[in-house]
Amino acid sequence: MQRYLLLLVSAAAILTGCARSPLYSELTETQANEVQAALLMAHIDASKTPMTKSKGWSIDVAHDDIPKAMAVLGAAGLPRQALRTLGDVFPKESFVSSPLEERARYIFALSQEVQQTLMQLDGIVDARVHIALPERSLLDDKPQSASASVVIIERPGANLELRETDIKAIVTDGIEGLKDINRVTVKFFTRHAAAGVATAAVLSEPPVAAR
């Protein structure tokens, strides 16, 4: 009888450890693919499932893997924030707003567009673009140049500082009124994985055969 109870306890523990929990829901398919790929690369079993009541997707992992999964995704900057486009900020059905509101919305939308372009570069976890767009006057024959400040969060070892000139060129070409590449400043920061995640990843790698 005691042995039977021990078997029941062991089976319950195994089932509890194998129970799966939703990690994220209402993701776009692109977001879900990125999250699933990052977790699988970290040796975490992650499944992608379409939502039944919406067009979104959910990611499920084993309940015991949630802490490690969250750390892995946090280090990778996933799921990526859905950026708003010019079409989102300026919908056709929008009401008439003041020139100040229109200007603020335009600058915000423009920064989102440039940020979206930068996020396509390999090695970038996140990016922020802040634009200073001086007001122009029809009587001003020498208008002030626009300027931009860019913050890049990169993965360890990406070495994006080597592409600083390319990043500045992308920003300069993407902002009307910004003609001087020296008016663009770029700061680089590295997103480091948590120590526990790095250790777990090393331990989960297959051993190398001795030569």
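Contact detail for Leu110 and Gly174: the closest heavy-atom pair is CD1-O, 3.5 Å. Looking at every heavy atom in both residues, Val35 comes nearest to Pro79 through CG2-CB, 3.8 Å. Listed here is the closest heavy atom pair of Lys168 and Ile181: CB-CG1, 3.5 Å. Heavy atoms only, all atoms of each residue included: Ala38 and Leu73 are closest at CB-CD2, 4.2 Å. Nearest approach of Val186 to Ile167, heavy atoms of both residues: CG2-CG2, 4.2 Å. Pairing each heavy atom of Gln115 with each of Asp126, the nearest pair is NE2-OD1, 4.1 Å.
Between the CZ atom in Arg191 and the CZ atom in Arg155 there is a gap of 10.0 Å [rounded to 0.5 Å]. Atom CE of Met70 is separated from atom CG of Leu78 by 11.0 Å, given to the nearest 0.5 angstrom. Interatomic distance, Arg163 CZ to Leu118 CG, rounded to the nearest 0.5 Å: 10.5 Å. Taken to the nearest 0.5 Å, the OG1 atom of Thr185 stands 9.5 Å off from the NE2 atom of His130. In this structure, Asp60 CG and Ser25 OG are separated by 9.5 Å, a value rounded to the nearest 0.5 Å. Rounded to the nearest 0.5 angstrom, Asp65 CG and His43 NE2 are separated by 12.5 Å.
The number of heavy atoms from other shown groups lying within 6.0 Å of CD (Glu176) does not exceed 12. For Asp122, the CG atom is loosely surrounded, since the number of other residues' heavy atoms within 6.0 Å does not exceed 12. In this structure, Met51 places its CE atom where more than 12 heavy-atom neighbours from other residues, nucleotides or ligands lie under 6.0 Å away.
Two different hydrophobic clusters hold Leu23 and Trp57 under the rule that ILVMFWY side chains link at heavy-atom gaps under 4.5 Å. A continuous path of hydrophobic side-chain contacts links Tyr106 to Val114 [ILVMFWY only; heavy atoms under 4.5 Å]. Under the 4.5 Å side-chain contact rule for hydrophobic residues, Val151 and Ile124 do not share a cluster. Hydrophobic clustering (side-chain heavy atoms under 4.5 Å, transitive across Ile, Leu, Val, Met, Phe, Trp, Tyr) keeps Val171 apart from Ile153. Taking hydrophobic clusters as Ile, Leu, Val, Met, Phe, Trp and Tyr residues chained together by side-chain heavy-atom distances below 4.5 Å, Ile170 does not share a cluster with Val125.
Formation of a donor-acceptor pair under 3.5 Å by the Gln112 side chain with backbone atoms of Phe108 is not found in this model. The backbone N or O of Gly123 lies less than 3.5 Å from no partner atom in the side chain of Glu154, so there is not a single donor-acceptor pair.
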Inset, instruction - List the steps, then state whether salt bridge (Lys or Arg N to Asp or Glu O under 4.0 Å) holds for Lys48 with Glu29. - result: CA-CA 9 Å; Lys48 184 185 75 170; Glu29 188 167 10; 3.6 Å; yes
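Inter-residue side-chain proximity for Ser145 and Leu178 is flagged as met; some heavy-atom pair is nearer than 4.5 Å. Put simply, the side chain of Glu164 does not reach to within 4.5 Å of the side chain of Ile152, judged on heavy atoms.
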